[in-house]
Protein chains: 2
Amino acid sequence: MLSKKSQYAFKALEYLTERYKQGPVLISEISKKKKIPLKFLENILLELKKEEILDSKKGKGGGYFLAKDPAKVKVATIIRIVNGPIAMLPCVSLYFYERCKNCDEKKCGLHDLMIEVRDASLGILENRTLKDLAH
Amino acid sequence: MLSKKSQYAFKALEYLTERYKQGPVLISEISKKKKIPLKFLENILLELKKEEILDSKKGKGGGYFLAKDPAKVKVATIIRIVNGPIAMLPCVSLYFYERCKNCDEKKCGLHDLMIEVRDASLGILENRTLKDLAH
DNA sequence: TTTTAAGTCTATTAACTTGGTAGGGAATTT
DNA sequence: AAATTCCCTACCAAGTTAATAGACTTAAAA
């Protein structure tokens with residue numbers, strides 16, 4: 001399941017997508033409009049900035065804004081940043097791969113199945129962007 | 001991600017699938033062969049019994065065994081029992097549905113997307129059984 | 001140049017979840 | 001009756017999540 005943090009992130013990004021190219025938006029404004037705890041939201045936006053999804057401006061007239069075209073930001077990318085792996089097992093994760101202990105990937109029945117599930121999910125998540133979320 | 005408990009469950013079920021119709025198998029045997037902490041495994045098997053995936057026999061010659069044909073036990077069912085929801089959001093879960101607070105499902109962009117992802121995953125998980133995991 | 005308005009950063013905390021343990025109790029077979 | 005095996009309840013430590021606090025930095029405006 002997506003964490004609450006992830007849901008907050010998507011709500012904030014939705015808000016910023018609606019205001020793309022309209023200048024910086026205050027954290028406090030997003031917090032109020034989307035009912036996200038202010039300080040928690042700060043952390044989330046900062047993280048998204050470090051990953052270059054968002055950019056920001058300090059001081060008066062400052063705020064956060066999308067660093068790129070919302071049609072270029074994949075949903076999968078956001079999930080990986082704020083929620084972690086999309087795969088159901090570490091041993092089939094593309095970006096967070098970890099070998100299974102006590103389990104030979106060659107003859108693990110779950111392994112192949114979970115690759116299928118991963119690919120089915122990614123087929124969708126890698127092909128949808130922030131723009132699609134807004135519609 | 002699937003919890004360690006879920007991975008243990010699948011390993012145990014794999015073992016029991018190989019021994020389907022061959023009489024009860026000791027918890028301690030599964031524990032040893034599959035390297036699963038004994039007491040933890042007890043809890044898992046008991047839970048699977050309560051959900052009628054497994055059955056058991058007490059006393060000498062006792063143990064656990066599959067309650068039905070492994071070809072009839074869906075992977076999705078097991079995941080729901082030991083891991084919980086398959087969907088990425090409570091508001092799109094079929095078996096663990098919960099309404100989103102502060103989010104109108106009608107106009108939530110994530111909602112529709114997550115339904116797609118759910119259906120893609122279920123398309124696989126509802127059509128694979130314990131038997132498929134073994135081969 | 002001072003003030004004010006922002007975002008930045010580090011640390012802390014409370015609640016919850018996960019993984020694992022302990023120790024009898026109950027049923028069944030011999 | 002004794003041995004064997006699952007059943008059940010409770011507990012605990014560690015980690016994660018959600019949220020908060022407060023001081024710091026940068027930038028614009030007065």
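Proteins get letters first, then strands, A, B, ... in listed order; numbering begins at 1 in each.
The side chain of A:Y8 contributes an N or O atom lying less than 4.0 Å from OP1 or OP2 of D:dA19.
Counting any heavy atom pair closer than 4.0 Å across all strands shown, A:L45 reaches no nucleic acid atom. Residue contacts shown for B:I27 are limited to sugar-phosphate atoms, with no base heavy atom under 4.0 Å away. Residue A:V25 is classed as a sugar-phosphate contact, given heavy-atom separations below 4.0 Å to backbone atoms only.
Listed by first then second residue, pairs satisfying salt bridge (Lys or Arg N to Asp or Glu O under 4.0 Å) with a partner in residues 45-61 of chain A read A:K5-A:E47, not counting sequence neighbours.
Remark: P of D:dT9 and CG of B:N43 are 12 Å apart, rounded to the nearest angstrom. Between the P atom of D:dC6 and the CD1 atom of B:I44 lies a distance of 15 Å, rounded to the nearest Å. Remark: P of D:dA3 and CG of B:L26 are 18 Å apart, rounded to the nearest angstrom. Between A:F40 atom CZ and D:dA18 atom P there is a gap of 5 Å when expressed in whole angstrom units. A straight line from CE of B:M1 to P of D:dG15 spans 17 Å, rounded to a whole angstrom. When rounded to the nearest whole Å, the span between CD of A:E42 and P of D:dA23 equals 14 Å. Regarding B:K39, its NZ atom lies at a distance of 11 Å from the C1' atom of D:dA10, rounded to whole Å. The distance between atom NZ of B:K4 and atom C1' of D:dT16, rounded to the nearest whole Å, is 15 Å.
Here B:E14 does not pair with B:K11 in a salt bridge; the nearest charged N to carboxylate O distance is not below 4.0 Å.
The side-chain contact (heavy atoms from CB on, under 4.5 Å) search around A:A76 returns A:R80, A:I86, A:L125, A:E126, not counting sequence neighbours. In this structure, the side-chain hydrogen bond (donor to acceptor under 3.5 Å, both in side chains) partners of B:E116, at least two apart in sequence or on a different chain, are A:R128. For B:D69, the side-chain contact (heavy atoms from CB on, under 4.5 Å) test picks out B:Y20, B:A71, B:K72, with sequence neighbours left out.
Ranked by how close their nearest DNA chain D nucleotide is to the 5' end, A:S6 and A:G61 are led by A:S6. Remark on DNA chain C: of its neighbouring residues A:Y64 and B:G59, the 5'-side contact belongs to A:Y64, judged by nearest-heavy-atom nucleotide.
The cluster map of Ile, Leu, Val, Met, Phe, Trp and Tyr, joined by side-chain heavy atoms under 4.5 Å apart, puts B:L2 and B:V117 in different clusters.
Residues B:L16 and B:Y64 come closest through the heavy atom pair CD2-O, 3.5 Å. B:F96 and B:G84 make their closest contact through CE1-C, 3.7 Å (heavy atoms, listed as atom of the first residue, atom of the second, distance).
For DNA chain D, the residues of residues 47-57 of chain B within the heavy-atom distance limit of 4.0 Å (strictly under) are B:K49, B:K50, B:S56, B:K57, sorted by number.
First and last contacting nucleotides of DNA chain C toward chain A (any atom under 4.0 angstrom from a heavy atom, 5' to 3' order): C:dA5 to C:dC9.
Looking at B:S28 and B:S31, their side chains never bring a donor and an acceptor atom within 3.5 Å of each other.
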